[in-house]
Novice: 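Mind having a look at this structure? Questions to follow.
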Number of protein chains: 2
Amino acid sequence: MGTHFKGTQDQMIALDTYIKLTRASDSIQARLSNAASMQSLTISQFGVLEALMHLGPLSQNELGTKILKSNSNMTTVIDNLEKRNLVKRQRSIVDRRMIEVFLTPTGKDLIEGLFPHHVLAIQEQFSVLTTEEQIALGDLLRKLGRGENEQHKE
Amino acid sequence: MGTHFKGTQDQMIALDTYIKLTRASDSIQARLSNAASMQSLTISQFGVLEALMHLGPLSQNELGTKILKSNSNMTTVIDNLEKRNLVKRQRSIVDRRMIEVFLTPTGKDLIEGLFPHHVLAIQEQFSVLTTEEQIALGDLLRKLGRGENEQHKE
DNA sequence: ATCGAACTTTTTGATATCGAAATAATAACA
DNA sequence: TGTTATTATTTCGATATCAAAAAGTTCGAT
């Protein structure tokens with residue numbers, strides 16, 4: 001147990017697992033960020049391009065929901081993608097509050113070229129685990145991500 | 001499988017597990033950031049104060065290693081903690097390249113007051129998993145965080 | 001038809017985060 | 001003893017990230 005904390009057994013295990021979760025996620029993220037498959041895209045930029053590739057044009061709000069980022073952050077990320085001519089904005093005709101974000105041909109080519117390499121990089125990162133371990137891990141993470149125990153409305 | 005990607009079975013599982021890892025980590029982080037136990041501290045600020053509380057004075061470089069952040073980032077984080085009088089810098093006498101970072105009395109009181117609540121918040125987040133599940137999860141995450149398969153020097 | 005609630009995006013101001021280059025100090029070694 | 005390599009921190013410029021407030025749009029309910 002890598003901690004200097006003295007509490008109940010239950011607390012120590014939770015704290016230890018939390019530290020491992022953070023470290024594993026940060027480490028994987030850092031390794032993937034440096035991978036050639038990311039070119040000069042950030043994780044969020046990559047996530048936006050990937051969502052547009054798989055799902056077609058989306059509003060900024062929808063994109064934010066997909067990649068778990070705030071709306072104000074989406075404005076910034078889309079700004080930077082637009083500067084590089086990878087996406088285009090277009091006010092929605094049906095609901096003028098929304099802005100539809102599209103891949104440009106350049107953006108489409110880029111993400112379609114990078115994505116397969118990205119998958120290979122991920123596959124390699126996870127190759128330290130067997131298929132069964134990955135599935136078991138995914139199950140535990142899913143429970144954690146959903147976080148069902150919500151009886152704490154302070 | 002929540003993905004729109006067609007690849008080998010192995011790739012799809014790795015990609016799916018990767019997405020779950022990212023989402024679980026982001027979700028937990030976001031919930032803890034909003035918890036009362038964080039007061040107005042960021043995750044990194046909290047991590048620095050916690051390390052200093054448990055380990056005593058450390059150099060910025062050591063702190064960066066502990067919380068997995070770059071040296072230049074540590075300069076910024078320590079700057080902001082210093083502004084709020086929670087830590088103090090002092091050039092090391094033995095090696096004048098280093099800066100020792102200390103908790104001020106205010107900083108010490110703050111982190112000692114917050115830490116137990118932080119542990120409770122983490123314990124609650126992880127209570128969706130049994131003790132055995134948390135231990136199993138920790139084992140898988142440890143392997144992943146270490147990332148042994150390093151035969152990819154391009 | 002209008003008023004107010006709800007929704008989408010932007011702006012603003014603060015902090016985080018990195019890599020690269022600059023600066024300063026120590027260590028290695030010839 | 002110099003000279004070079006290494007190490008620790010800072011600065012700079014770019015991007016990310018959030019919450020809160022502002023601005024514009026739509027919707028609901030009268």
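Residue numbering restarts at 1 for every chain, and letters A, B, ... go by the order of the sequence lines.
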Novice: Just jot down the side-chain contact (heavy atoms from CB on, under 4.5 Å) partners of A:Thr75, sequence neighbours excluded, or say none.
Specialist: A:Gln60, A:Asp79, A:Arg89
Novice: Quick one: side chains of residues 37-49 of chain A, donor-acceptor pairs under 3.5 Å with protein atoms, not counting sequence neighbours, listed by atom name and distance.
Specialist:
from: A:Ser40; atom 1: OG; to: A:Arg84; atom 2: NH2; distance (Å): 2.9
from: A:Thr42; atom 1: OG1; to: A:Gln45; atom 2: N; distance (Å): 3.1
from: A:Gln45; atom 1: OE1; to: A:Thr42; atom 2: N; distance (Å): 3.2

Novice: Residues two or more places apart in sequence or in another chain: which of them pass salt bridge (Lys or Arg N to Asp or Glu O under 4.0 Å) with A:Lys20?
Specialist: A:Asp16
Novice: Over the length of the helix from C:dA1-D:dT30 to C:dA30-D:dT1, how much do the five-pair end axes diverge, rounded to 10 degrees?
Specialist: 10°
Novice: Among residues 55-63 of chain B, which residues get a heavy atom nearer than 4.0 Å to DNA chain D?
Specialist: B:Ser59, B:Gln60, B:Asn61
Novice: For residues 67-75 of chain B, which residues have at least one heavy atom under 4.0 Å from DNA chain D?
Specialist: B:Asn71, B:Ser72, B:Thr75
Novice: For a 4.0 angstrom threshold against heavy atoms of chain A, report the outermost contacting nucleotides of DNA chain D in 5' to 3' order.
Specialist: D:dT15 to D:dT26
Novice: Looking at residues at least two apart in the chain, or sitting in another chain, which of them share a side-chain contact (heavy atoms from CB on, under 4.5 Å) with A:Ser25?
Specialist: A:Gln29, B:Leu21, B:Ser25
Novice: By side-chain contact (heavy atoms from CB on, under 4.5 Å), which residues pair with B:Glu100, not counting sequence neighbours?
Specialist: B:Pro57, B:Ser92, B:Phe102
Novice: Which residues pass the side-chain contact (heavy atoms from CB on, under 4.5 Å) test with B:Asn85, not counting sequence neighbours?
Specialist: none
Novice: What pairs meet the salt bridge (charged side-chain N to carboxylate O under 4.0 Å, His left out) rule with one or both residues in residues 102-112 of chain A, with sequence neighbours excluded?
Specialist: A:Lys108-A:Glu112
Novice: Looking at residues 95-112 of chain B, who's got a heavy atom less than 4.0 Å off DNA chain D?
Specialist: B:Arg97, B:Met98, B:Ile99
